[in-house]
Amino acid sequence: MPLLELDNVSVAYGRIEAVRGVSLAVEEGELVTLIGANGAGKTTTMRAISGIRPLSTGTVRFDGQDITRMPAHKRVLAGVVQAPEGRGVFPGMTVMENLEMGAYARTFASKAEHDETVDRVFELFPRLAERKTQVGGTMSGGEQQMLAIGRALMARPKLLLLDEPSMGLAPMVIQQIFRIISEINAQGTTILLVEQNAQQALSRSDRAYILETGEVTTTGPGKDLLADPAVKAAYLGVA
Amino acid sequence: MTTTTASVPAGKNRPYSGTGDRLRLWWDAQARPTQWLIGVPFIVFIAFLPVLRIPVLTTVGTDFGGVMAQFGMIALVAIGLNVVVGSAGLLDLGYVGFYAIGAYTVALLTSPDSPWNLTDQWLSQRWAWLFCVPIAIAITAISGLILGSPTLRLRGDYLAIVTLGFGEIVRLLADNLTTITQGGRGLQGVAFPYFGGTDKNPDGVFSAGNSDAPWNSGLWWFWLSIVLIVIVLLVVGNLERSRVGRAWIAIREDEDAAEIMGVPTFKFKLWAFMIGAAIGGLSGALYAGQVQFVVPTNFNVINSMFFLCAVVLGGQGNKLGVILGAFIIVYLPNFFQGRTSLFGIPIDGNDIAGYKYLFFGIALIVLMIFRPQGLFPARQKLLAYSRGLYQAARRAALGGDRATSAAAVLADGPADASSDVPGAGTKDGGDR
Amino acid sequence: MSAVLLHEAVGSVHAAIATDVIDFDSHRLFSNFWALTVEGLSYGAIYALVAVGYTLVYGVLRLINFAHSEIFMLGMFGQYAVLWGMGFLPRGNAYDEGIALTVMYIGIAMLGGMLVSGGAAVGLERVAYRPLRKRGAPSLTFLITAIGASFVLQEFVHFVLPLLTDHKFGGLNAQQPIRLVQETTVFTFFGADVTNVDLVIVVAALVLAFAVDRFVNATKFGRGIRAVAQDPVTATLMGVSRERIIMLTFLVGGLLAGAAATLYTLKIPNAVIYSGGFILGIKAFAAAVLGGIGNLRGALLGGLLLGVMELYGQAYFGPQWRDVVAFVVLVLVLLVRPTGILGESLGRARA
Amino acid sequence: MSEPNSPDSLRAGAESNEQFLSPDGSISTSEDSREQDLPDGEVIEVDVDLASVNPDLADAGTVAEIVAADREIRAEVGAPLLEMKSVTMQFGGLTALDDVSFTINRGEILGLIGPNGAGKTTAFNAMTGVYRPSSGSVEFDGRALGSIKRNEITRRGIARTFQNIRLFSDMTALENVVVGTDARHRTSVPGAILRLPRHRREEKDAIDRGMALLEFVGIGSRATHQARNLPYGDQRRLEIARALATEPKLLCLDEPAAGFNPAEKEQLQDLIRKIRDDGFTVLLIEHDMRLVMGVTDRIVVLEFGRKIAEGLPQEIAQNPAVIAAYLGVPDDATA
Amino acid sequence: GCSSKDDSGGGGGGATGGSTGGSSALSIQPLVQIDNTGKEVAASDASGAADPAGDGSAKCSDVSLAMAGALTGGNAALGLNIYNGAKLAVDEHNKANADCQVTLKKFDTEGDPQKATQVAPTIVSDKTVLGLLGPAFSGETKATGGIFKQAGLLSATASATNPGLTTNGWSNFFRGLGNDNSQGAAIAKYMTDTLGYKKVCVVADNQDYSVGLADVVTKTLGSAADKDCAASVKQGDTDFSATVQIVKSAQADAVYYAGYYQEAAPFVSQLRSSGVTLPFISDDGTNDPEFVKQAGDASKDAYLTCPCGPAPSDFATKYQASAGKAPGVYSVEAYDLVTIMLKAIDSGVTDRADMVKFFAGYDGQGVAKHYKWDSSGELASTTTWVYQVK
Ligand SMILES: Nc1ncnc2c1ncn2[C@@H]1O[C@H](COP(=O)(O)OP(=O)(O)OP(=O)(O)O)[C@@H](O)[C@H]1O
Ligand SMILES: Nc1ncnc2c1ncn2[C@@H]1O[C@H](COP(=O)(O)OP(=O)(O)OP(=O)(O)O)[C@@H](O)[C@H]1O
Ligand SMILES: CC(C)C[C@H](N)C(=O)O
Ligand SMILES: [Mg+2]
Ligand SMILES: [Mg+2]
């Protein structure tokens, strides 16, 4: 049984259907990537999964449970955590407080466990450790992106949804981010990733789905898609 | 030649849509002569409502002409406030202050109780009101400037409380500066326009004494306000469809972005304030003339709230909508007054009227829930010479329903559309 | 206008100001300075508690909850009804139950007031604001709804409540007062009388203010409130239940308004009337803005400042200038600090 | 909390500090501003045929002419347009820019790159008047920017786009662009009320220019669409068109390709070149190296608020300091 | 459970209507009737008062009288006092005269001048209306006087006391009570001459009526008015701390308050609780049982004036039966004025002009006082009653 399963999901903004009849599945422990052009509906799909956008049709199942009608904040408790597109750093909170927000729905067994989690985030992003008391809103774009990812890690989710984590990051950091993603995944966190950097994303993911104007058009193992000439032309920028 | 695609399905939604936009769409579709043919009789019909006295519509306990006169004044207020709140997005909770300044300007210059009364010196009582109206407008505009220049640097809700304070300060000044304004005793005998005096109405039709229904003073004041409303609508409409109106909307949507695009935001906010204030002052001058008596209590905060209700209820940003809002605000509380039956059902209207603010409050809540954008929301048109553009779009839209390809429809479009382009919108006044 | 006229005009303005319209009585201000300060602080404490309600709701929803003044008004009725229920009947004279009992009765009345206000605030949110939120209404719509709710609550107490309570509560006139304590001087402070009522007000307000401050700045719920205030969608993604937070916010604001209402009626037992919240509400809102709306500590500071400034102003210019003074102070402060004394965000309340 | 020169500027549009109140003033906090459920309604948003509106615009040549109508640059290509002179920018104890100097020449595309938090956006904000430097100065077109207002800076000829799109979302695409032309217009309230000749001229000009610019960036047919309903890529283009409408001498783009896939980036690259070829000077902040290398004429690299390198793209790509600080060694050769 | 804390065990239950002040059983008692110089005048004999019932043989058809005033809104209580008095007269008349059924039409002005200008034309255009009782407040009367004047409609007010109203040449306007000049002058003289105060603090709220009254009082008091503690407060205020401070720090003998009970009650309470024991004197706006209820013991010994006389007990009984509550200020005047109008109708008056003439020539005793007007529409002789809370 897949950890996450979308069945015939449609999402509409007013009368526009941004996502139409999408079905996809993510098995426990997998790293699955969603790629597609701008406006294809990737973010919308993510929002449907984490529950901040209602479905017009279809069902979402998580961990064997139908969560279609579950309110968003409860899904977090159930283990679905998203690092949203556009970062969503709390501008008036310090870096530390932002990280604590990531653990809002989580109860740590001990202070040590808490500290350990924080340390791990700081290890991944030393810049955050340097700026513990800087207010989130004054961080640079890339720093905010680091904070958003770090915050999602604080929750130690079952399923981590990452919406364009590499956006706005320097090339070196991007490589680092992808390494981290693989690492987290290897440690057992299931990940659904949305990326424009198809090259990196596909090469690291178990499977991938390609979304075009709200519909899944292609699916398959990441490496296969990487080799697909149509995919190459459209998403890898290889003419 | 640009290729036209019909890729966007008809049915995309927009934030302001509904009755207002639909009506506008329909209206824009009419040829100009048709628009005149519909528009003029419609206004005339409205103007003659107090004469026709349509049974259920006509108020019973109060004079319908008088109610309509008040409606006219509040409609002006709503149009003015709409410039500030609806267009420029500046929340002004003290608009009544401008109304008060307008009224007090006229009253101070023409009431025999005032130390600054001019009518016993060189200004004839007959012309005094007319003479004072431009002064009132100028003074309110200046007070808008004085209030605006320090405070428009404030954002959103800070502005709201400061304007609220301003409204209160104006009223309190009127109340406290007793040697000038007579404080709570008010100023009596304010001048009004002299027109059409007869033996029966020696002071003319605008005199409060003219009570021969239906041609009483209320009706005349209503007519005067209709004329002024049309003029103000033309002015405001011209502004909307110009650099100024676009700047306002841009400021409302994203002030920083607007400023960075080179829009002198402060200047245009100040203009919005001044124009709004001037219109409020004009309305206040009408008020002073009609009632011929001003006291501070008529200008308290609650009135600002009522004005704002008119704007939001009608549909902020839409000039016609806010007029409708003004009508509701003025008319509803009067509806039950003095009625003994409604549609044949016997009622005690005065009893019901006693609960009017309760009903009013409930109505506001319910209306806002069901029509969060107001009763009559519509997008403003922001481009003066784009009639052709929008007509082309509309034709395509209408065509889209019938034929799937808008291009097909457009094929026969260009001929008359392009002939319509330059300057075609010149007389496109009043937004009707 | 001719020069003569202008001259006359200027002349009469001078005359007006010079005569009895404005007093400019510095003697009155300085000789009563401490007395005014004490009075000002106790009114200010009440403004501050009410202001917290405005600030919290504003912080979370960007909504000026105009009906908050009516929530306060309901609190006055709530505590009144509780006192009545405890057997205190209205009468002209003060009761004298001894300190311990009186404090206990005040506490019970306050609880009653808080429950009524808190409940009303939550109910208001449910009935009036939540449907709008679900529809994504623009912000002015909320404001108008708030104004509508304000009318409804006032008129409810004005017309409906007397019918429901056999004309015991509500109606056109103020409730006949229940005076729980006679205001008496406890000690003097630089020649200013500090009364038992002043003491109760200031102490109670401080305790409550401290409690809310801890609540918002040091608990998980409080962090939730700040998160929703700053970015509601992301807050949801962190597992914060927005609806619950909003409810909580209204509840806290309402509770404080109820407490403030009790303290206020202790000071002014005649104030229990359907229209009795309006002016105080505007003042409290001004106080919230003064401190920096959305900023909890700002609201507290703003309330105290406004209370004190108002009394100084009254003494100096004459009582009829009180509100003018209040608003002028507000405007001046905002011109110097455009986002209030302590700045804006709930998130920076700990600065 | 550390504060820049004025508390206000904190909220005033620094790209990295972009959590504003939702610009449409919406109170609905359930979703972000793009996320509201809007009431259904009637539509008039259908693509327009440009030629049916303004036959003059039918061919691309005229378009280019209108866009670049009164450019006075070509002659001076290569002369300095903007000079950063020893600019230092401090936030409390943090030095975001440390004695940075560089020049942008007329007619070039200058790339500004560097690790996250290096101070790129801060430099950008110092140029566009959002922040005032703690020390040093910015000279534009031979004059120091000093403390002039932001809209004046735009009027002098610096235009920018935003990293997070900030269009006037209730307006149509054309209206958005026409707001951009505001910087070049002088009609004020009396002129608009009386519809004086200058007003008419400017209006006509604004619409023509606006349509031409939409055409130029490739979204002419979307002129009457509401900005909020445009696809993301088109919104980005619209932002560029709006900035161009201010007739800037210098166009500043802050991460314009964020969220684009490679194919879309390619198109953007073409557009930026076209803009330069039409005589504009461009400053580009971008993390996508392929785009930066492909389109810029020269590159300035910042790290920890200091300039660490400056030169032609090829030079920069080889520069060991830059590689160490920023580029890193690619994981895979194809990228 | 809690037992009653009400140690004196009194009633004080109902919040409306009752004229006693809760448990302390204070009430407003008539003290003395004075003239404009503060001298006592003997109470007139009300036994010959005109009776609306007449002789029961009047004939008329399709005639009505109008009443205009605030019936809703914050000041509704005052309007209702007047309406109920008028209604009592009309009911008594109609019961006695089967052949002459007069309708009483009520018009709500909310006390708002602009509203009144809308209501006035409706009254005027109702041709069956022969006389108007009202408008009730001075402000709205100012705004509408011209309308009634031009229509020649009798406007007899039972309450508007602003002195300026009779200076406009409105020959159709009659005031059924003394104006603020007489009330103010009378009490001022009474304070200095009878009560012997040397320094009086005059405090007023900001309403038309209060400002006018305070002016007259201050003027008449002359040097006895203490400028240093004169203060002005606002309608709706509940917190008078600054004013209390001002009064407290002055060396005065008494406090005069011009305004309404809504503010007077908390004001006097706060005065007392901050230790000010000076005598408290106020006016007809305060002269309401509500004042005593609200202020309790603080109201004890306060002097209250009114140009209106006390309601005789049989009137009070009738009124209570008809309106369901005790008569308020101006109920009696309203009753008297409407009685005069009814007498006119009974005597065959059928048009508005005759009604005005009837009033101009009227000379007769009413329940409250003697009614006879001078040419401006003021009562020929006015008296003021002084009451005291006991
Ligand atoms: N709030 C909204 N209102 C209306 N339409 C919207 C809204 N949000 C997104 N859309 C539309 O829905 C479609 C899908 O958008 P979505 O954000 O899911 O795309 P995406 O694949 O994430 O693109 P990107 O690469 O730009 O992030 C687009 O056409 C977009 O314009
Ligand atoms: N208002 C501020 N207060 C405090 N620190 C600030 C402020 N603005 C920026 N900074 C800090 O200054 C540094 C430079 O920020 P800047 O936004 O210029 O970086 P950047 O080069 O644009 O980075 P990125 O590529 O991540 O967007 C960052 O470390 C940032 O945290
Ligand atoms: C009802 C009264 C208190 C009215 C007051 N006498 C006035 O003239 O307005
Ligand atoms: Mg996306
Ligand atoms: Mg940046």
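Per chain, numbering begins at 1; letters A, B, ... match sequence-line order.
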Against chain B, label E:Asp205 side chain, backbone, both or neither, depending on which of its atoms sit under 4.5 Å from a heavy atom there.
-> neither
Test ring pair (Phe, Tyr, Trp, His ring centres under 6.0 Å) applied to B:Phe335 - qualifying residues, sequence neighbours left out = B:Tyr331
Which atoms of B:Ser217 come close to chain E, meaning under 4.5 Å heavy atom to heavy atom: side chain ones, backbone ones, both, or neither?
-> neither
Apply the side chain to side chain contact (heavy atoms under 4.5 Å, CB included) test between B:Val291 and each candidate in E:Thr117, E:Asp112, E:Thr144; give the one that qualifies.
-> E:Thr117
Using a heavy-atom distance cut-off of less than 4.5 Å, which residues of residues 181-191 of chain B contact chain E?
-> B:Gly184, B:Arg185, B:Gln188
Between E:Lys115 and chain B, which part of the residue has a heavy atom less than 4.5 Å away: side chain, backbone, both or neither?
-> side chain
Any side-chain heavy atom of E:Pro113 sitting closer than 4.5 Å to one from B:Val295?
-> yes
Are side-chain heavy atoms of E:Gln235 and B:Thr297 found at a separation under 4.5 Å?
-> yes
May I ask you to check whether over 12 heavy atoms, not counting those of B:Phe359, lie within 6.0 Å of atom CZ?
-> yes
Would you say the side-chain atoms of B:Asn176 and E:Lys234 include a donor-acceptor pair closer than 3.5 Å?
-> yes
Side chain, backbone, both or neither: which part of B:Tyr287 has a non-hydrogen atom closer than 4.5 Å to chain E?
-> side chain
Counting only heavy atoms closer than 4.5 Å, note whether B:Asp113 contacts chain E via side chain, backbone, both or neither.
-> neither
Cut-off 4.5 Å, heavy atoms of chain E, and the answer for B:Val67 is both
What part of E:Lys149 is in contact with chain B, defined as an atom under 4.5 angstrom from a non-hydrogen atom: side chain, backbone, both or neither?
-> neither
If you measure from CD1 on E:Ile147 to CG on B:Asp63, what distance do you get to the nearest 0.5 Å?
-> 8.5 Å
Which pair of non-hydrogen atoms, one from E:Val119 and one from B:Thr62, has the smallest distance, and what is that distance?
-> CG2-CG2, 3.5 Å
Value rounded to 0.5 Å, distance of CG in B:Asp203 from CD in E:Gln150 | 6.0 Å
Can you see which heavy atom on E:Gly139 is nearest to which on B:Phe293, and at what distance?
-> O-CE2, 3.2 Å
Under a 4.5 Å heavy-atom cut-off, does chain E meet the side chain of B:Val294, its backbone, both or neither?
-> neither
Side chain, backbone, both or neither: which part of B:Phe64 has a non-hydrogen atom closer than 4.5 Å to chain E?
-> neither
How long is the span from the CE atom in B:Met68 to the CD atom in E:Gln118, to the nearest 0.5 Å?
-> 11.5 Å
